[in-house]
A.B. asks: 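One structure follows; several queries about it will come next.
Here is the naming used below: chain letters follow the sequence lines, and residue numbers restart at 1 for every chain.
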There are 2 protein chains.
Amino acid sequence: MYDVAERSGVSIATVSRVYRNPGSVRDRTRERVLEAARELGYVPSGNARGLASRTTGVLGLCFPDYADPDAEADAEADSDADDAAMLYSDQIIRGMERAARRHGYALLIAASLEGGPESLVAKVAGRVDGFAVLAQTVPTEDLEVISRRLPVVMLAGPREIDHLDHVVVANADGERELARHLIEDHGLRRLAFVGGDPESPDAEARFRGFRQACGDAGLPVPEAPDLRTAMMTRAEGARAAETLLDRGSERPAAMLFANDQMAVGALRALERRGVRVPEDIAVTGFDGIPLSRIVRPSLTTVRQPIRQLGEQAVELLVQRLADANRPPVSLELPVSPAHRASCGCG
Amino acid sequence: MYDVAERSGVSIATVSRVYRNPGSVRDRTRERVLEAARELGYVPSGNARGLASRTTGVLGLCFPDYADPDAEADAEADSDADDAAMLYSDQIIRGMERAARRHGYALLIAASLEGGPESLVAKVAGRVDGFAVLAQTVPTEDLEVISRRLPVVMLAGPREIDHLDHVVVANADGERELARHLIEDHGLRRLAFVGGDPESPDAEARFRGFRQACGDAGLPVPEAPDLRTAMMTRAEGARAAETLLDRGSERPAAMLFANDQMAVGALRALERRGVRVPEDIAVTGFDGIPLSRIVRPSLTTVRQPIRQLGEQAVELLVQRLADANRPPVSLELPVSPAHRASCGCG
DNA sequence: GACCGCTTTGAAAGCGCATTCACCCTAGAT
DNA sequence: ATCTAGGGTGAATGCGCTTTCAAAGCGGTC
């Protein structure tokens, strides 16, 4: 910048103005400066600017380190876990990017590794005006410290720290409605729920919704899912379906899976076993991934507005940036059931 | 930082060392400092650090502003164009993020709007150690200036500036091999190629490959694609298929589409018209999107290593960061044909 | 007890920009 | 011609950190 100033015969203040507030500089002067900048290959330093102006124009996102990087050797490069997990963070990224762009922000993303002072979280926190965190990504203790200095919004999980803004998806409501639909509209009674890791807030919330629906309908309310899978992948979904089928007693009238991946896997497994869907058994998922619409029979599921999740995160950040003192906001984004072929609709 | 120093009774230099080089500080001192930092909610300023150390630890990506943000009203939120376009940048982002993480970098992403001094590009450029650009995203003139100051790698398109590193996908080779397969292995002769916008380097490169294959086989070499579509969407693919069908003369033995989206649309259209694939006609796509594997018949296509594109971009950046003087590198990533049902294989 | 070699800490000088504040110049008003 | 407003510009200060360079502490040695 000093060079540009010298070359164009002005002071650095004027150069700065040319970039920050072009209107306040006379046309002729501005031209000279820009010309010099071009000749010198001048690129304003975001760091210096940020330091001086105390703002970065960047928002951040920390998401979990889902896929094992070492597993990438996988030639097909689309293992089940990958598909499911990445789609999620990809969509959030996309949503945040869109919204951020609308507000003139860029987006800094990083999958958090370990915590500690040298973590990526710290790097992100130091370089943004505010950021979003996927639940269970960053140690609460770190967040506690960081959130005292800049806006943080917690996504898709328990808020953990109560002065944070946070956004969740109406998991319980969605599953409850889905189960209600099966019970009331299709007259099914024996429902089996396949859950995931008890540590997964999403899967647990969905199970809660399932229980509510059972209660609402006067059916027995299960204590735990009929089955749990560790990874919630297609493969595990297929296995779960077979386990349920082989479990002596009567075959359930419907299998509700805690996510689409598992449900899709189940669909295939059932087809292999000659069990017709939805004639013999209904199947539902959760998430509304693209695949759910394409499989045959198309999968009844609950569409999760993941992109909106990202967009809302940005909106909340922007708002808090505008007013640091407003009370913490907690949003629950509505989900919409998609009744398709696999439950007997469509 | 000054506060932390004061509170823990050391100088700011020591505080800095605690973060930058913990080993060089006595354990007791370090504890005191970290304790104070925790109490004060200290978050190191990335800007100041970047300014002082002249490096950011961040890599960037500029991609085109594909989807029209205003079109988001679209409730289903997955129009054709969206699907295709976003998958592409999403995957690059994912690839870059992974590779960046491996090297300890975070990733700053921004879809470029207009150029000019206040563009997002400028913002990105000023905040990263180096960045990647999707071809035709940033005005060459801007890149010219920026690339004199920091590493830039050009992705998936003509290099434009010859001192840049760049990475492309072997579009021509892929299509050539695909066409060769149809001609030699399946004995088909009347091939029709459906291209896209003449401005699309990818679509054009694929058509070039197609022509080469024709030449190789001694078939007439077409001057232009049999048909072009503007958006290369499913809908347009369907329409293209019908147009080709209705074009009097003899029906082609195979339709080669410049991307999977169009091919999938065509598949549906042909089904509606009662034309069997692959018995009556072979169909191929390009890209290897997930959908291509799921449709029935499964689509013969060419898998594009988009994620690797992103990863390579990061590798090149890292390498150039290590040695600014090495000669510009130009990589062509190999593609792999996926022979599936729609051409008569599998 | 003076001396030596380490390790640990401090002082100070920027890093590149935004931003007052003061100043000068020009143009219109008087 | 003098005065008044602004618009346009420059000088100077500080943003929060890294990084020499020096000084100080600390064990041991001779």
Side-chain angles (χ1 to χ4, degrees), chain A residues 1-34 36-37 40-58 117-118 122-129 145-146 148-150, chain B residues 1-34 36-37 40-58 117-118 122-129 145-146 148-150:
Chain A
M1 180 180 240
Y2 288 86
D3 298 342
V4 174
E6 184 168 2
R7 182 168 190 124
S8 51
V10 300
S11 73
I12 61 161
T14 299
V15 178
S16 175
R17 277 191 271 266
V18 167
Y19 287 89
R20 296 272 65 69
N21 190 359
S24 74
V25 175
R26 201 195 313 164
D27 290 6
R28 244 173 42 75
T29 315
R30 175 151 24 88
E31 288 309 328
R32 279 218 317 280
V33 171
L34 287 176
L40 265 46
Y42 168 64
V43 178
S45 155
N47 285 324
R49 161 144 54 211
L51 184 54
S53 66
R54 254 167 292 265
T55 131
T56 65
V58 178
E118 248 334 80
K123 176 181 286 181
V124 170
R127 309 200 81 85
V128 300
D129 290 339
V145 172
I146 295 173
R148 282 158 59 191
R149 290 295 174 185
L150 46 76
Chain B
M1 180 180 240
Y2 286 85
D3 298 342
V4 173
E6 185 168 2
R7 181 170 192 120
S8 52
V10 300
S11 75
I12 61 162
T14 300
V15 177
S16 175
R17 276 190 274 264
V18 167
Y19 287 88
R20 294 273 66 67
N21 190 359
S24 75
V25 175
R26 200 196 314 164
D27 290 6
R28 245 173 42 74
T29 316
R30 174 152 22 91
E31 287 311 328
R32 280 218 315 281
V33 170
L34 286 177
L40 266 46
Y42 169 64
V43 178
S45 153
N47 285 323
R49 178 188 316 223
L51 183 54
S53 66
R54 254 166 287 269
T55 128
T56 65
V58 178
E118 248 334 77
K123 175 181 287 182
V124 170
R127 311 200 79 86
V128 300
D129 291 338
V145 173
I146 295 174
R148 280 158 60 190
R149 289 298 175 183
L150 46 77

A.B. asks: So, B:R127 versus B:N47: side-chain donor-acceptor pair below 3.5 Å or not?
C.D. replies: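 Result is yes, a qualifying pair exists.
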A.B. asks: Should B:D129 and B:L150 count as side-chain neighbours, where that means a heavy-atom distance under 4.5 Å?
C.D. replies: no
A.B. asks: Which atom pair, heavy atoms only, marks the closest approach of A:R149 to B:V43?
C.D. replies: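 Scanning both residues completely, I find the closest heavy atoms to be CG-CG2, 3.8 Å.
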A.B. asks: A:Y42 vs A:Y19, test: ring-ring contact (aromatic ring centres under 6.0 Å, His included). Steps then yes/no.
C.D. replies: CA-CA 12 Å; A:Y42 168 64; A:Y19 287 89; 5.6 Å; yes
A.B. asks: Write down the atom of A:R32, the atom of A:G9, and the distance for their closest heavy-atom approach.
C.D. replies: NH2-O, 4.2 Å
A.B. asks: Once you round it to whole Å, what is the distance between P of D:dT9 and CZ of A:R30?
C.D. replies: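 After rounding, the reported distance stands at 10 Å.
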A.B. asks: Give the B/S/- string for nucleotides 8-17 of chain C, one per nucleotide from 5' to 3', where a protein heavy atom under 4.0 Å of the base yields B, of only the sugar-phosphate yields S, and otherwise -.
C.D. replies: SBBB--BBBB
A.B. asks: Atom CZ of B:R28 and atom P of D:dG25: how far apart are they, to the nearest Å?
C.D. replies: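 Those two atoms, CZ and P, are 15 Å apart.
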A.B. asks: Quick one, A:P44 and A:M1 - any side-chain contact, counting heavy atoms below 4.5 Å?
C.D. replies: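 A side-chain contact under 4.5 Å is absent here.
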A.B. asks: Taking CD from A:E31 and P from D:dT9, how many angstroms apart are they, rounded to a whole number?
C.D. replies: 13 Å
A.B. asks: D:dC17 P sits how many Å from A:K123 NZ, rounded?
C.D. replies: 16 Å
A.B. asks: Quick check: closest heavy atoms across A:P22 and A:V18, and the distance to 0.1 Å?
C.D. replies: CG-O, 3.4 Å
A.B. asks: I need the single residue from B:T29, B:V33, B:L40 that forms a side chain to side chain contact (heavy atoms under 4.5 Å, CB included) with B:S8. Which is it?
C.D. replies: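 The single option meeting the side chain to side chain contact (heavy atoms under 4.5 Å, CB included) with B:S8 is B:V33.
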A.B. asks: Could you work out how much the helix from C:dG1-D:dC30 to C:dT30-D:dA1 bends, comparing the axis of its first five pairs with that of its last five, to 10°?
C.D. replies: 50°
